[in-house]
Amino acid sequence: MEREPRVASATQEVGAVRRRQAALLRLSTAIASAQQEVDVYRSMVNGLHDEDLGYNFLGVFLLDDETGDRVLQASVGWPEAPHDWHVHRGEGLSERALEDGELHYTHDVTRESRYLASLASGSEVDVPLRVDGKTIGVLVVESREPHAFGDEDFEILTAAANQASIAIGRARLFAAERQRADEHKALLDTMGDLSSELELSRVLQAVLERAVTLLGVTGGEVAIYDEATSKLVVVASENIGKDSTGTSIALGEGAMGTVAQTHEPLIIPSYHEWLGQSVQYADVLVHSVMAAPLMIGRRLVGAIATVHSDPDRIFSDEDLRLLNMFAPQAAIAIENAGLYTTAQRQKKYFEEVLLNSPVAIVTLDQEHRIVSCNPAFEKLFGYTQDEAIDRLLDELITTETTRSEAVDYTTEALDHSVRGIGHRRRKDGTLVEVEILGVPVIVEGERVGLMGLYHDITELQRARREAEDANSAKSQFLANMSHELRTPLNAIIGYSEMLEEEAEDVGQDAFIPDLQKIHAAGKHLLALINEVLDLSKIEAGKMDLYVESFDVASTVNEVATTVRPLVEKNANKLEVSCADDVGEMHSDLLKIRQTLLNLLSNASKFTNEGVIELTAHRENGGEDGDRIVFTVKDTGIGMTPEQMDRLFEAFSQADRSISRRYGGTGLGLAVTRSFCHLMGGDVAVESVPGEGSTFTVELPATLGQPERSV
Amino acid sequence: MAKILLVEDNEMNRDMLSRRLQRKGYEVEIAVDGLEGVEKATTSRYDVILMDMSLPEIDGWEVTRRLRTQEGMQHTPIIALTAHAMAGDREKAIEAGCDDYDTKPIELPRLLSKIEALLDGRREEA
């Protein structure tokens, strides 16, 4: 009889120990997966809750440093407890543990005056929660039974509190780090283009140092991936036995090289047994390694590695999770530095463009004051940038006479781009002729000023004037030459014609064909010279108009009479028709006659056994005055559209074979068109290859002011 | 036989035209400049005067103007010959007192028809 209760008691003891261990295991498992502080509290109360052990009611209070109140974080078994129950300073039993940092036990709560009655009777244990040597809160465990707890319970609850404290400390660090990570990301995002490469290594070093602290590792490294060389370069190094910054690592080499290649994180529990170990660290005490790639999206930007030198420490998935928290910070920092470098390069590029531009460039603020100018501006206007800055542009480089025009440009250019040509003043007072371009400078939708571009065209203008003078001299020369050439040519034509007549008279017929050839060649050369003379006169602006009144019908008939022998040479028929009302014309008779003769002689040349038609009629032009329309139509070889395109240009017979076959100078139609333009009209052509061509000349019936050629 | 005075300073032109006209049956006398032209025209009687306009010393227009002021010279037909086919020259020639106008290079049939037209006019008057 005596023995049984002892056995029962012993059995009970064994069961209680097992239950306590089970509770502790539950607690450990639960808090291992807790990420946030509040999860740690919940895991603690839920894990320890055990009716049989008398852990009927559990709660975790944290001390509010400002008020001294204890605030309930998590509880079990207290359904009435408000979820943020504040227990004020001086109330309740659990304050004792906060005061001295020791465990306190009350075997019968009814005897305690400070007890806040949540139970009618029972016992209570208060265990302090300490983080970094400071009491931050208290675990309260109550049983409905008095005298419920013993030393074993104190042990198990102390162990539980210690585990929880570590977890809380870690969760707090984690939360702080996450916040710092967010802040850092925000900072990096905003500083973006301001960060420099120097800044980058500083940032990465700081990220690495915090990772090393939080992970509780011996040391670590951060490397940047260089796309150009496909290698990693170590830029931050913390306590790995030697300063490894600057070390170059190939893809696949060592832990970082491996993660850079696989894009997957890696834990190496025993580095010295790992086949991929790098020779770089042969003399460094590395026991285990954890490495992760640094990615922006799917793009590799670098790698981070941490090492343990202590053989008792190994990396867990939890460590990897923490490491992955630092990875984005480092990746963003690298990315931003890359963007910065690109931006720097771009900025440098534009600066180079500006510096080396042959065009003078000046930027102004909204008040027209000079903000900057490039070397070409300094060279063109003679002011150094220092002299120019803050000056009003329009006072600096204008004269009295050009100022208002310049101000107009500047004012307009604030709104939209303007261009023009004008004279501007150099520092030494001389003038320079410039092409001016003004454009507003708008940054992100905001108008901040304007930019002026000056292109020195003094030389260009001089060259143009020289070219014009040269051209005019050329025309003058041609006119003189033509005149000088005509005198001997007239002798050739005249004597050959005369000899022809004499040969006929004396019956020397054998000479006649040769004399005719000399005569024809002379006439052709004369026609050529005359047309060159006409064109050069037109080009030189010296072709004058002699306007007179004449009857259109008799002019047409006269021209027909002149050209008839030529037309009939190729067995062509000439048909002339003049409208009855065609009447008089007031224009340059000789030029009209020459125009019609040109067109008719062309038509005769390119038509065989066909019909050539010459017509004239009057068209009522209303306010613009009547117009006389002449047409010359043939049934000859015609032209393709391509041939017609260049028809009226000088020396542009449709092709060379035509000139060989049909002769002609290639100038006739150019002269014809110039004459028509001179007389205020135009000449047009329609043609179908193989069917014929129709030239239409349209001229004002009454030419007003005699016009000079252009 | 019509008698023609050719006032022409260019030797080749003078030679050609005078020979061609002679072959056509005209009697041709020559003056090599304006002064000689005035002198010959006033001392002899011609049926037609062919006057080159660009002459040294005094030009064809001036010669014509002078001849037209001389007694008995108002009606002698004068044909102006110019190197420039310009309407201005033609008007200037008529204004100076020429009866007709032709351009160089000479087209003999055309010139002959002008000469004959003026001679016919004279014959009708006479």
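Residue numbering restarts at 1 for every chain, and letters A, B, ... go by the order of the sequence lines. Keep in mind that what you see is a predicted model, and the values were worked out from it rather than measured.
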Under-4.0 Å salt bridge between Glu62(B) and Arg65(B): yes

Need one label for Gln594(A): side chain, backbone, both or neither, based on atoms under 4.5 Å from any heavy atom in chain B. neither

Between Lys114(B) and Asp102(B), does at least one N-O distance fall below 4.0 Å, as a salt bridge requires? yes

Salt bridge Arg673(A)-Asp682(A), side-chain N to carboxylate O under 4.0 Å: no

Whatever's closer than 4.5 Å to a heavy atom in chain B on Leu526(A) counts as side chain

Ion pair check, Arg627(A) and Glu698(A), cut-off under 4.0 Å: yes

Tell me, for Arg110(B) versus chain A, whether the close heavy atoms (under 4.5 Å) come from the side chain, the backbone, both or neither. neither

